[in-house]
Amino acid sequence: MATAYNHRAIEQKWRKNWEEHPVNVQDGKKPKYYCLDMFPYPSGSGIHVGHWRGYVISDVWSRYKMLQGYYLIHPMGWDAFGLPAENYAIKMGVHPAKSTAENVAHFKEQLSQISAIYDWDREVNTTDPEFYKWTQWIFVKMFKEGLAYEKEFPINWCPSCKTGLANEEVVNGVCERCGTPVTKKNLRQWMLRITKYADRLLNDLDKLDWPEKVKKMQTDWIGKSYGAEVDFPVDGRDEKITVYTTRPDTLYGATFMVLAPEHKLAASLAVPETKEAVEKYIYESSMKSNVDRLQDKEKTGVFTGSYAVNPLNGAKIPIWLSDYVLADYGTGAIMCVPAHDDRDFEFATKFHIPIIQVIAKDGKEIENMTEAYTEASGTMINSGEWNGMESSVLKKEAPHIIEKRGLGRATVNYKLRDWVFSRQRYWGEPIPIVHCPKCGNVPVPEDQLPLRLPDVESYEPTGTGESPLAAIDEWVNCKCPVCGADAKRETNTMPQWAGSSWYFLRYVDNKNTEELVSKEKADKYLPVDMYIGGVEHAVLHLLYSRFYTKFLYDIGAIDFDEPFQKLFNQGMITGKNGIKMSKSKGNVVSPDDLVRDYGCDSLRMYELFVGPPELDAEWDERGIDGVYRFLNRFWKLVMDNKDKNVEPTKEMVRVRNNMIHTISQRLENFSLNTVISAFMEFNNRMIDMAKDGGMDRKTLETAVILMAPFAPHISEELWEQLGHTGSVFANTWPEADKAAMAEEEIKIPVQVNGKTRAVIEVPADISKEDAIAAGKAAVAGKISGTVIKEIYVPKKIINLVVK
RNA sequence: GCGGGUAUGGUGGAAUAGGCAGACACAAGAGACUUAAAAUCUCUCGAGGGCGACUUCGUGCCGGUUCAAGUCCGGCUACCCGCACCA
């Protein structure tokens, strides 16, 4: 009687064994494969079954690559700066460094249950001064290249987090982190000139093997548009207003102009009769929050009393102010063509402004227009010398025509804004800049980095727009590194994204004190081949990382300009009814009990079995029984047959090769849930075959190797039980022998008028005539009428059309 | 509003390239083993009709193409995600 499957003993045994005899070793010949997980923020609540999924997916993929002969870079680290640790510090008075260290230890412990093949020698932690030294170094380099600059302007401000936010961190007008409506606050900010990289960030998406969805999101976020800036003189004044438009073809249809209330000329355009109303409107707009402005369904506005002159035809058009025009996009002013733009149409209708159609719809002018005609297709009308042209053609030519005639310029615009990079909080990397009254902004010399984060008495953000660091006089007051004069340190810190924008580079050379990463190691191990994580980072983290990588490429620190070749977004594991797992909802499922009762191997496989890896899945832990039963049956099959020395039959060889083929193919397609199904099916098949006489050893061994990436512990143990001394991972991923897979007899359904009426078993190489004859014979009794058509798809189906 | 995705039994899901819909599991029911329970093993398991061999219907809804449609085309509906006055 063979021993039963004891997951606890086996898993303990092999964990220890792997520690003593690592299986991922470089022999000097293997090519590298870098498989990266998005590193976690080590929160106090630990990891749940949802976190497991991503880590299991990446580990299965890593171990598969290892079996294919690669040397793995599969590291793990900690994105440990950030608000929760700081808020905890405010509440409990515990230094964030201390609570972070505790959380990291706890996380690491929980992570070890997954038995992922992480190389802990490569571990990084963004809060480690030896790490953030390089985060600061990158900032200094950016500053020197003119990519980091200071600017005072109204930024997104979260009143709850008491800090400024990047555009990317504002979701539907509320703070991405806490959900508080975001307001505007005039603050001096550090900015990163990510817009300088807009075109490269856009164009290089083509090089990447990423989900189309993520590429689309980044494309939309960058938001490149082609158009023209057109200069409109202000009637009766020696001034002009420049507008940006993507539809210069409709210039003849402009019947008014609208400026954002924040436009620098807004107030000055008022005339005595409108002065009061204009000032009131500007004031009220400034009081509105982002949410209010977004939620205003009906357009508001005020006429300034001034007119602009259409440079093309000299028409005088009224200048209005309205907050539907954004101050920080384009020029903050637009020309309005109500006939061909929905928003302008709405505004014109409300304020009784004339509408002039300039593109014919279906060849004619629309009577009683009820909505704007927004297509750029049709013949130009009411457009002077442009009459008769096709609008789609004119749309492309107009910017150049306008430029040639000196009325404006062909222009490109982006929705992407520069990155607001400073935060008014404590727990982040200090920005390494000294403000000197004589020299201005001076970076901390590179040999003085890291600029350490000092201890403070109070972590509480001041709320005034100053970081808690501003209260530490002995830290703030310093000497200018250039002239030695009394100077002050920058007290803002960096956003959490700073460290995560480049951490993946550091893993391959994490102990280097001289360089961010050595050339030699960068060339050897970078870039990342496969990056696995949630979609929530589709824009923020992934865009920032690409920007950082391109910058480091430009200054010669690395030789590649895209960090992640392939990206996979795993779906979320949710609680009942698709509700996101969270502590506050009380629906968090801890893996601890499941690992104890079923074992790591069972949970690993079940995490994959719940559904397609890219889709969300509702957690239902009852299903894990199925996987556990399967592992028990597989164990028993191998143990019962390992010593029988059965000669493989043709059928066994066929099953073996079929198994290799099916598993490999599904794995390559990342259809991990169906890989598990396939294991179960082949297991059932083998158990069935073993009933008379047993199974051959080679097929059992093959199954064990194929299982190894998924259930590494049981596979190691069974490999040993099969009489081998080395690790199962010392094997090479098997290849299927296509010839051995071929069936001699195949089953073909026979349909009559598309409905299956019989299934015949025939030789695989049967001729068309013989197949149809056999099919006809099989359904002879079920045909009433004459066969008028015979369909035979080789090895697939026979269909007889009967009338 | 715009863009993307999804819709299949009681449940999770499967179905290369248009070819037997429901693989593999979960749950449920029946049986075997057991003093009993657990575990394990065997069987049933989309809906309707028929004693039965069988048969009709069935992949969100309406229509189409095809010998053949979950899969392709046209038109909807619901839910989810992203963007959201970017001129």
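Each chain gets a letter, A, B and so on, in the order the sequences are listed, and its residues count up from 1.
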Between [atom2] of [N] and [atom1] of [X], the distance in whole Å:
X      : N     : atom1 : atom2 : answer
A:D323 : B:A84 : CG    : P     : 17 Å
A:N569 : B:C80 : CG    : P     : 21 Å
A:R685 : B:C24 : CZ    : P     : 13 Å

In whole Å, measure the gap between the [atom1] atoms of [N] and [M] for me.
N     : M     : atom1 : value
B:A25 : B:U40 : P     : 13 Å
B:G10 : B:G48 : P     : 10 Å
B:U65 : B:G18 : C1'   : 11 Å
B:U66 : B:C73 : C1'   : 12 Å
B:U34 : B:C26 : P     : 25 Å
B:A69 : B:U8  : C1'   : 14 Å
B:G58 : B:C2  : C1'   : 36 Å
B:G9  : B:A84 : C1'   : 40 Å

(request) Look at the side chain of A:K350 and the backbone N and O of A:K299, then say whether any donor-acceptor pair between them is shorter than 3.5 Å. (result)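 Between the backbone of A:K299 and the side chain of A:K350 there is a qualifying donor-acceptor contact (under 3.5 Å).
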
Less than 4.0 angstrom between a side-chain N/O of [X] and OP1 or OP2 of [N], yes or no?
X      : N     : answer
A:R629 : B:A25 : no
A:Y324 : B:A87 : no
A:K789 : B:C67 : yes

(message) Looking at A:E536, I'd like to know if its CD atom is crowded, meaning that more than 12 non-hydrogen atoms belonging to other residues, nucleotides or ligands lie closer than 6.0 Å.
(response)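 More than 12 within 6.0 Å, yes.
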
Check this for me, if you would: do [X] and [Y] make a salt bridge, where the nitrogen-to-carboxylate-oxygen distance has to be below 4.0 angstrom?
X      : Y      : value
A:E743 : A:K795 : no
A:R247 : A:D341 : no
A:R685 : A:D688 : no

(message) Using O4'-C1'-N9-C4 for purines and O4'-C1'-N1-C2 for pyrimidines, with syn meaning within 90° of 0, is B:G9 syn or anti?
(response)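 B:G9: syn.
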
(request) Using a 4.0 Å heavy-atom cut-off, write out nucleotides 10-23 of chain B from 5' to 3' as B (base contacted by protein), S (sugar-phosphate only) or - (no contact). (result) --BSS-B--BB--B

(request) Step through it carefully: locate the ring centre of A:F303, locate the ring centre of A:F351, and say whether they are under 6.0 Å apart. (result)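 Between A:F351 and A:F303, which both carry aromatic rings, the centre distance is not below 6.0 Å.
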
(message) With nearest nucleotide decided by heavy atoms, which residue, A:Y244 or A:W221, maps closer to the 5′ end of RNA chain B?
(response)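 Looking at the nearest nucleotide for each, A:W221 comes out on the 5' side.
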
(request) Specify the residue among A:V801 and A:K755 whose closest nucleotide of RNA chain B lies further upstream toward the 5′ end. (result)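 In this pair, the answer is A:K755.
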
Do [X] and [Y] pair up side chain to side chain, a donor and an acceptor below 3.5 Å, judged on atom types alone?
X      : Y      : value
A:N413 : A:S225 : no
A:S602 : A:Y5   : no
A:Y414 : A:D199 : yes

(request) Report which part of the nucleic acid A:R417 touches: base, sugar-phosphate, or nothing (heavy-atom distance under 4.0 Å, all strands). (result)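 Contact class for A:R417: base.
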
(message) Once you apply a heavy-atom cut-off of 4.0 Å, does A:N684 come out as touching a base, just sugar-phosphate, or nothing?
(response)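 The answer is sugar-phosphate, as A:N684 gets under 4.0 Å only of primed atoms, P, OP1 or OP2.
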
Side chains of residues 214-221 of chain A: which donor-acceptor pairs under 3.5 Å do they make with residues two or more places apart or in other chains?
unit_1 : atom_1 : unit_2 : atom_2 : d
A:K215 : NZ     : A:L205 : O      : 3.2
A:K215 : NZ     : A:L208 : O      : 2.7
A:K216 : NZ     : A:D220 : OD2    : 2.9
A:Q218 : OE1    : A:R546 : NH1    : 2.8
A:Q218 : NE2    : A:A538 : O      : 2.8
A:T219 : OG1    : A:K215 : O      : 2.7
A:W221 : NE1    : A:E168 : OE2    : 3.2

(request) Find the runs of at least 3 consecutive base pairs, i with j, i+1 with j-1 and so on, that include RNA chain B, using Watson-Crick or G-U wobble geometry with both distances under 3.5 Å. (result)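 Only these stems qualify: B:1-7 with B:77-83, B:10-12 with B:24-26, B:28-32 with B:40-44, B:46-49 with B:54-57, B:60-64 with B:72-76.
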
(message) Nearest to the A:D341 side chain among B:G3, B:A87, B:C85, which nucleotide is it?
(response)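 Given the options B:G3, B:A87, B:C85, the side chain of A:D341 is closest to B:A87.
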
